[in-house]
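A quick write-up on the structure given underneath.
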Number of protein chains: 2
Amino acid sequence: MGHGEAKVTTPQPRAAAPGSSGKRPQWSSDADCPVRDVLDRIGDKWSTLILGTLAEGPHRFSAVQRAIPDISKRMLTQTLRDLERDGLVARAVYPTKPPSVEYRLTPLGETILEPLAVLIRWADLSHAAIRTARSAFDEAI
Amino acid sequence: MGHGEAKVTTPQPRAAAPGSSGKRPQWSSDADCPVRDVLDRIGDKWSTLILGTLAEGPHRFSAVQRAIPDISKRMLTQTLRDLERDGLVARAVYPTKPPSVEYRLTPLGETILEPLAVLIRWADLSHAAIRTARSAFDEAI
DNA sequence: GATACAAGGTAACTATGTGAGACCAGCGCC
DNA sequence: GGCGCTGGTCTCACATAGTTACCTTGTATC
């Protein structure tokens, strides 16, 4: 069945906060809030780095690891699996002499690149101000 | 995500990704990478919710807590402090009968609203596809 | 036989984020 | 005096994220 070997770690649904009640603005704290979903995905330590790497084109497992030297194999595997589970990354196994596995962005995965780029642009523009504010705050203590 | 001190991993200069034409991508895994800074800030559980609440106007401490019912006082205080430290939120104390504290976005804080809105728009558009992919993946196990 | 690579799996451990809830100050109220 | 409100701080405990290290299967190389 596709690439899916029968052995996969048990998927752990991310539990969310108990239901809130009352008005819901566009910023909802509900469990099924899509924002929460997205931020839980890209908010971790490695997802954006991996997406950025795959944005340059398909990579094999070890190629991703070379591109992001300080990631451990375990986290690379796990993050890749999570991204695959969410349909942002596709995994293809080629039965070459040493079997090689290739990861690439799906069409859906490509669409997150632009929102991410907007955020990155903001980060680049603002990080000087943030660092200044941070220093000022820390010295004011 | 990293609250408090920035956890500095050993900065590793990385070579150009294989297969790419030597262009330096904006996706760096360096420790002082602004993207990491931003995602560490907004990637946590409450920051975006608080920013969204304050986007509607200044709020007092307890008003924010009413707007986000499932946040604990501890996390509210801590996240507000972190946002203040980064210059995204300003804190003003008024010596009223019970002293009241008002939080509002700084001009810098206002500027993150748009990148965030772009991301939220993507999340809204894509969360159906993500959930579908997730279900398919989970059942393929 | 020993070593290395491919792409992982797994266990043991640590670090951190988050939550629950007690406690604190000053003030008003009855 | 006792209770509640304001905006916090504090400690304890837990669950999850993340790291390190060692294991697998098979082929190729030394």
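Throughout, protein chains are lettered first and strands after them, A, B, ... in sequence-line order, and every chain is numbered starting at 1.
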(request) Starting from P on C:dT18, measure out to CE on B:Met75 and report it in whole angstrom. (result) 4 Å
(message) For B:Trp46, does the six-membered ring have the charged nitrogen or CZ of A:Arg36 within the cation-pi criterion, i.e. under 6.0 angstrom from the centroid and within 45° of the normal?
(response) yes
(request) Among D:dG18, C:dT18, C:dG9, find the nucleotide with the atom closest to the side chain of A:Lys45. (result) D:dG18
(request) Measure the distance from CD1 on B:Ile71 to C1' on C:dT18 and round it to the nearest whole Å. (result) 10 Å
(message) Between C1' on C:dG8 and CD on A:Gln78, what's the gap in Å once rounded to a whole number?
(response) 13 Å
(request) Considering just the side-chain nitrogens and oxygens of A:Arg91, establish if one lies under 4.0 Å of OP1 or OP2 belonging to C:dA7. (result) no
(message) Quick check on side-chain contact (heavy atoms from CB on, under 4.5 Å): which of B:Leu88, B:Leu51, B:Ile112 does B:Leu105 satisfy it with?
(response) B:Leu51
(message) Less than 4.5 Å apart, side chain to side chain, heavy atoms only: is that true for A:His127 and B:Val38?
(response) no
(request) Using the closest heavy atom to pick a nucleotide of DNA chain D for each, name whichever of B:Thr77 or B:Arg60 lands nearer the 5' end. (result) B:Arg60
(request) Report yes if at least one side-chain N or O of B:Tyr94 is closer than 4.0 Å to OP1 or OP2 of D:dG7; otherwise report no. (result) no
(message) On the nucleotide C:dG19, are OP1 or OP2 found under 4.0 Å from the side-chain N or O atoms that B:Lys73 carries?
(response) no
(request) Take the protein atom CG of A:Leu76 and the nucleotide atom P of C:dA6, then report the distance between them rounded to whole Å. (result) 13 Å
(message) Can you measure A:Arg81 atom CZ to C:dT10 atom P for me and round it to whole angstrom units?
(response) 11 Å
(message) Taking 4.0 Å as the cut-off, does a side-chain nitrogen or oxygen of A:Ser72 come that near to OP1 or OP2 on D:dT19?
(response) yes
(message) If you compare every side-chain N and O of B:Arg74 against the phosphate oxygens of C:dA22 (OP1, OP2), does one of them come in below 4.0 Å?
(response) no
(request) Taking only the side-chain heavy atoms of A:Arg66 (C-beta and beyond), determine which of C:dA6, D:dT19, D:dG8 contains the nearest atom. (result) C:dA6
(message) Rounded to whole Å, how long is the line connecting atom CG of B:Asp40 with atom P of C:dA15?
(response) 18 Å
(request) Whole angstrom is fine here: how far is it from CG in B:Asp44 over to P in D:dA17? (result) 14 Å
(request) For atom CD of A:Glu110, decide whether the heavy atoms of other residues, nucleotides or ligands shown that lie under 6.0 angstrom number more than 12. (result) yes
(request) Rounded to the nearest angstrom, tell me the gap between atom CG in B:Asp82 and atom C1' in C:dT18. (result) 13 Å
(message) Tell me whether the side-chain N/O atoms of B:Ser62 come closer than 4.0 Å to OP1 or OP2 in D:dG7.
(response) yes
(request) Look at B:Arg134 together with A:Asp37 and state whether they make a salt bridge at an N to O cut-off of under 4.0 Å. (result) yes
